[in-house]
Structure formats: structure tokens, C-alpha cells
There are 2 protein chains.
Amino acid sequence: MSAEERRGSVIRAAMSEFAHGGYKGTSTEAIARRVGVSQPYLFRLFPNKQAIFLAASLRCIDITRQVIADAADGVPQEEKADAIANAYKKLLLDDPESLLMQMQTYVAVASAEAVGDHEFGEAVRERWQEMWDTVHLALGADVDETKTFMAYGMLVNTLFSLGYPAGHRNWEGFHDSARPA
Amino acid sequence: MSAEERRGSVIRAAMSEFAHGGYKGTSTEAIARRVGVSQPYLFRLFPNKQAIFLAASLRCIDITRQVIADAADGVPQEEKADAIANAYKKLLLDDPESLLMQMQTYVAVASAEAVGDHEFGEAVRERWQEMWDTVHLALGADVDETKTFMAYGMLVNTLFSLGYPAGHRNWEGFHDSARPA
DNA sequence: GCGGGTAGTGATTGGTCAATAACTTGTCCC
DNA sequence: GGGACAAGTTATTGACCAATCACTACCCGC
């Protein structure tokens, strides 16, 4: 297998492992085991653990952005907001690791920024902005509407992370499929 | 110093340490050093590391809830939303560790729930619900208004965590004092 | 001045982990 | 068939960490 292909599998494995364990709580050994290679080989493919985490973070945001873009594609303007919202809810249900990795990314950026490391945050912000802009354009480039839409998304993220069960009153008004089991 | 007082200082120290390092990234040694006691003594005051983290999480939510309650106290109904929003933004600026700890709590709950541990989440949800209800009552118990208000709060959390600098277009529409430096 | 309870420490243990260095295997080209 | 390069491994190192155990120091009532 070529190094580039291996890097791809490493990123996929890293997303799963980091999603559950976070940066510190995930060993490079665990990632290597999931990929099926030896642990030291990871350091031939990436300079260090941080680089693997960054790649996983960016990939996670890219996937989300793609889900949004696909959902909005070919849908009449007035239905785009619903289409994106439903696609995002479906993503959360079908692939809960995606939300976990997203949250892990946020705390990792916040922690890095807090100690003066801005490189990691810069890379994440760049991709995150692409996601924001994808939503913005799809919704007709209305600043307030985009902001409100994203705000509800972040609230869903939080309720989902906190494990609020289906039927809880905080979920009133959200579509059924947005609720965790 | 009494054990109860010590527990208080431990929780305060733990909030700072866990905020920056997360659960796995923070050693009990670091907490003990900040408190000024030996590391093994922490395990006389708390049964284990998890219990310290939980106490720090709950305290963090309590503080936020109190800030909200104080801000709404004695303010005319139509100004409460602004008063709470401004007080929350002030909290984020004055005490950034508070947001970090909040985010660490969210990922910790999500991770715990993902592996079938619901006790930690249950304790956090209980306190978080008190915070939600405090906002809900202050804003006049309108379900939709509360939800939108909280949603904007969660978006501010995310933008702040990602370290978006002041003046960035994503912050348009938010009050100046909500922007990180 | 002594007994008991409370606050607190030192030493240790069994385990984990990122990263480096040195070595091996396979393959393709000339 | 040999040389060169890419893919991959084993062994190791130096550091860190949660938790337990046995011990000490102080204070209070009597």
C-alpha cells in the first residue's frame, strides 16, 4: 500500500480513536492497531501525534461541509434550510463519532489558543470558515439567517453531546430525527 | 484547614487545571501542587480522579447559573435578555477558564455516554437543566425564546473556543464585548 | 499527659506512552 | 543480478501517572 493510501487509513482510524479518547486520551498505539500497522510507522507518515490529530480534525470538518453541500445541491431555495438541517441531523445519528470529533476539535483549539499556540487554531478556523460559507451561500447569503441557523446547529450539538434523551422538553421544536436514542 | 475547606480549594484548582488539560491531560499531581498539598492527600478528600472532575464540572455550571441569575435579578422584564447576554459575555472575557471547563465537560459527558457510562452525564444534565430553567424563567418562560437565546449562547461558545479574533465577520451582530482579543 | 480523631506526608508500584534508531523485506529498473 | 528506494518492523528509552500503604503531627477533652 502506498504511503498516501496509508495516511488516508490512519486519518480514518484517528478520527474514531480521537473522537472517543480526545487528544491526550488516545495512544498512537491504539491508532496503529486499528490501521493494522506498527506504532512507530505512524511517525514515518506523520511528523508527530499532533499532526495526526490535526489531520483528523480537518477531515471531520470537511466531511460535515460535504454533507451540507450535498444536501443543498439541486434543492429549491426555500427548502435548502430544512434540507441541510435534516442532513446534519442524519449525520449525527448515523455517525455519532463525527460529533464527538467535532467537540474534541473545539476543546483542542481552545486549549491550544490558551497557551499561545495559534497554528492549530488557524488551520481549523480556515476549514470551519469554508463550512460556514457553504451554509451562508446555500441559505441565500443572509448574514442573520446564517447566524441563527448555525446557532441552532451548535445548540443541537450541545444537547446531543450532553446525551439528552428523546422526548426531553429541551428538544421540543426540533425534528424527531435530531434526538439521540 | 478543615477537610471541607480543602475540598473547596481542590475544586477551584481542579477547574483551572482540567480547563486547560482536560480529564486525561491533567495529572492529580498538578492539582495537588496548585492546592499546596501532597498528591496522595487528594484521594482522602475524593474517592478518585473522576470524582474531582465531576465536582469541577458541576461547580463550573453552578457559577454560570449564578451569573445568569444575578444578572436578571431586579432588572425590568424587557431588559433581562440583554442583561443576561452581557453578563455571560463578561464572564467569558473575565474568566476564560470557565468556558474551557464548560467545553471539557461537554466532551467528557459525550465520551462517557458513548461507552455506556450514564452516571456522569446524569449529574451534569441535572445541573445544566437548572441553568436552562433559570434562563427560561428569567426570559418569561417562552419556550421558543429560551431556545433561541441558548442557541446563540452555544454559538458564542463555539466562536470563542475557536479563537475567532475581534472584528471577524462571524461576530457581526454580537456585542463588542463578546469578542476574544 | 494520654487517648482518639483529624489533617497530612513519603515511598512505592504497576502500568502506559511518544518518539528514535537500527534493521528487514519487497520491487522495479538497468 | 545488483543497486536503490519505498514500505514496514523490533527493540528501546526516558518520562509520567493514579492509587495504595504505612507513617507522622497536631489538637481536644479529660
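First the proteins, then the strands, lettered A, B, ... as listed; each starts at 1.
Judged as a side chain to side chain donor-acceptor pair (under 3.5 Å), the pairs with a partner in residues 68-78 of chain A (not counting sequence neighbours) are, in order, Gln66(A)-Asp70(A). Applying the ring pair (Phe, Tyr, Trp, His ring centres under 6.0 Å) definition to pairs two or more places apart or across chains, those involving residues 19-47 of chain A are Tyr23(A)-Phe53(A).
The number of heavy atoms from other shown groups lying within 6.0 Å of CZ (Arg6(B)) is above 12. For CD of Gln39(A), the number of neighbouring non-hydrogen atoms (other residues, nucleotides, ligands) closer than 6.0 Å is greater than 12.
The CD-P distance, from Glu29(B) to dT9(C), rounds to 11 Å in whole Å. For Arg6(A) and dA6(D), the CZ to C1' distance is 13 Å, given to the nearest whole Å. Look at CD on Glu4(B): it is 20 Å from P on dG5(C), rounded to the nearest Å. Between Leu42(A) atom CG and dA18(C) atom C1' there is a gap of 11 Å when expressed in whole angstrom units. Taking atom CZ on Phe46(A) and atom C1' on dA7(D), their separation rounds to 15 Å, with Å as the unit.
Using bins of under 30°, 30° to 60° and over 60° for the plane-to-plane angle, the ring pair Trp128(B)/Trp132(B) lands in the tilted bin.
If you check the side chains of Thr26(A) and Glu17(A), you find no donor sitting under 3.5 Å from an acceptor.
Of the possible polar contacts, one joining the Asn48(A) side chain to the Ala51(A) backbone as a donor-acceptor pair under 3.5 Å is found. Side chain of Gln104(B) to main chain of Ala19(B): a donor-acceptor pair is present (N/O by atom type, distance under 3.5 Å, no hydrogens or angles).
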Identify each atom pair where a protein N or O and an N or O of nucleotides 25-29 of chain D are less than 3.5 Å apart, giving names and distance.
none

Using a cutoff of under 3.5 Å, can you pull out all pairs of nitrogen or oxygen atoms linking the protein to nucleotides 19-22 of chain C, with atom names and distances?
unit_1, atom_1, unit_2, atom_2, d
dA19(C), OP2, Lys49(A), N, 2.9
dA19(C), N7, Gln39(A), NE2, 2.9
dA19(C), N6, Gln39(A), OE1, 3.1
dA22(C), N6, Arg44(A), NH2, 2.8

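Side-chain contact check for Ile84(B) versus Leu139(B): some heavy-atom pair is nearer than 4.5 Å.
When the nucleotides dG8(D), dT9(C), dA7(D) are ranked by their closest atom to the side chain of Ser38(B), dT9(C) comes out on top. Closest to the side chain of Tyr41(B), from the set dA18(D), dG8(C), dA7(D), is dG8(C).
Here Glu29(A) pairs with Arg33(A) under the salt bridge (charged side-chain N to carboxylate O under 4.0 Å, His left out) rule; sequence neighbours left out.
Proximity of residues 14-21 of chain A to DNA chain C (heavy atom under 4.0 angstrom from any strand atom) is not detected for any residue.
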**OP:** Please lay out, stage by stage, how Asn157(B) and Leu92(B) fare under the test side-chain contact (heavy atoms from CB on, under 4.5 Å).
**Re:** CA-CA 9 Å; Asn157(B) 279 356; Leu92(B) 294 193; 4.2 Å; yes
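For dC17(D), one of the phosphate oxygens OP1 or OP2 lies less than 4.0 angstrom from a side-chain nitrogen or oxygen of Ser27(B).
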